[in-house]
Amino acid sequence: MPERARLGILISGTGSNMAALLYASRLPDAPYEVVLVASNNPAAPGLALAAAEGIATFARDHRGVPRAAFDEGIDAELGRVGVTHVALAGYMRLLSDAFVAKWAGRMVNIHPSLLPAHKGTRVHEAVLAAGDAVTGATAHLVTADLDAGPILGQVRVAVVPGDTPATLAARVLHAEHQLYPRVVADLVTAAVRPEALLDRVRALALALPAAGEKLSHGAPGFFVEGGKFFAYWRNDHHADGIVAVLVKASGVEEQASLIERDPDLYFRPAYLGPSGWIGLRLDTGDVDWDHIAEWLTRSWRASAPRRLAMLPV
Ligand code: GRF
């Protein structure tokens with residue numbers, strides 16, 4: 001398992017979602033840790049809780065500070081403590097375009113409705129006024145459009161007779177607290193989840209001419225018609241904990257020099273190692289997919305029948 005993701009949380013008020021994220025991060029095997037809680041409101045109650053829990057905090061009143069400059073200040077703090085992902089949790093400030101662009105794909109928000117219904121504020125009032133029978137919570141990636149980024153998860157919540165905005169808000173919060181830690185955990189592990197990695201390898205391998213897939217000793221393998229296997233998928237082979245794709249190097253000499261040059265990426269695979277195959281690790285959390293694609297192409301070419309190997313790919 002690579003290092004845990006480092007989460008920064010931005011709040012403006014109570015911070016109950018921040019607390020839900022923090023306590024979830026303290027469960028065994030949580031894939032992230034909370035390294036900073038920052039606020040545009042120095043009086044936000046959530047800041048005191050974070051501090052009591054031993055989390056670094058940063059607070060600065062946004063009033064009178066231009067938006068871009070304010071966000072640069074927050075971003076500098078996030079950078080200082082090595083934040084890898086950002087969660088907005090009741091953060092009531094619009095973000096500058098530069099900040100949103102910088103954290104694209106790595107910043108999430110929680111909203112107390114079933115988006116796309118009821119964006120913005122005064123959500124529970126709007127739900128009751130509309131007579132909705134069901135509402136809920138939505139976690140989504142943050143993009144430049146308010147409350148409109150790709151949805152990562154939702155929970156439905158019943159509206160019950162006699163609900164007021166306050167009772168509804170309290171019940172939706174319960175749902176938020178279940179949803180948000182799960183969504184953040186899924187997001188930060190997306191780059192290392194074996195199924196997601198296999199999907200990418202498969203897409204690259206099967207894009208090559210006359211490529212096919214079949215199981216080899218129980219694991220997906222990729223072959224070229226009329227030729228041989230050019231790549232094998234490996235996930236925790238013999239409990240080695242490694243997720244990788246195996247491709248064909250020119251021989252054991254090249255294999256040895258690759259491993260010497262970059263031992264974090266390359267390894268000598270069991271069984272196929274002696275015949276010059278090389279393992280490319282995919283569980284580093286930072287995969288160079290262009291490089292993987294180059295290797296797959298090269299291995300494909302070495303395995304393809306002559307008439308195909310001549311094709312420009
Ligand atoms: C939550 O309802 C959240 O969905 C919304 O603001 C509220 C924040 O509550 N964006 P808390 O500060 O997390 O308790």
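In each ligand, atom 1 is the first atom listed, and ligand 1 is the first ligand listed. Keep in mind the model is a prediction, meaning the values are calculated, not measured.
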Show your reasoning for whether ring pair (Phe, Tyr, Trp, His ring centres under 6.0 Å) applies to Trp277 and Tyr232. CA-CA 10 Å; Trp277 288 74; Tyr232 296 98; 5.0 Å; yes
Are there any protein N or O atoms under 3.5 Å from the N or O atoms of ligand 1? List them with distances, or say none.
unit_1   : atom_1 : unit_2 : atom_2 : d
ligand 1 : 2 (O)  : Glu176 : OE1    : 3.3
ligand 1 : 2 (O)  : Glu176 : OE2    : 2.9
ligand 1 : 4 (O)  : Ile110 : O      : 3.4
ligand 1 : 4 (O)  : Glu176 : OE1    : 2.7
ligand 1 : 4 (O)  : Glu176 : OE2    : 3.2
ligand 1 : 10 (N) : Ile110 : O      : 3.2
ligand 1 : 12 (O) : Gly15  : N      : 2.8
ligand 1 : 13 (O) : Ser16  : N      : 3.3
ligand 1 : 13 (O) : Asn17  : N      : 2.9
ligand 1 : 13 (O) : Asn17  : ND2    : 3.0
ligand 1 : 14 (O) : Ser16  : N      : 2.9
ligand 1 : 14 (O) : Ser16  : OG     : 2.5

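- Under the 4.5 angstrom side-chain criterion for Ile, Leu, Val, Met, Phe, Trp and Tyr, the cluster partners of Val155 are Leu7, Ile9, Ile11, Met18, Leu21, Leu22, Tyr23, Tyr32, Val34, Val37, Leu47, Leu49, Ile55, Val108, Ile110, Leu141, Leu152, Leu179, Tyr180, Val183, Val184, Leu187, Val188.
- The hydrophobic cluster of Met310 has no other members, since no ILVMFWY side-chain heavy atom comes under 4.5 Å of it.
- Using modelled atom types, one finds no donor on one side chain facing an acceptor on the other under 3.5 Å when comparing Asn41 with Ser12.
- Side-chain contact check for Thr135 and His124: no donor-acceptor pair (N or O, by modelled atom type) lies under 3.5 Å.
- With side-chain heavy atoms closer than 4.5 Å counting as contact, directly or through intermediates, Leu27 stands alone and belongs to no larger hydrophobic cluster.
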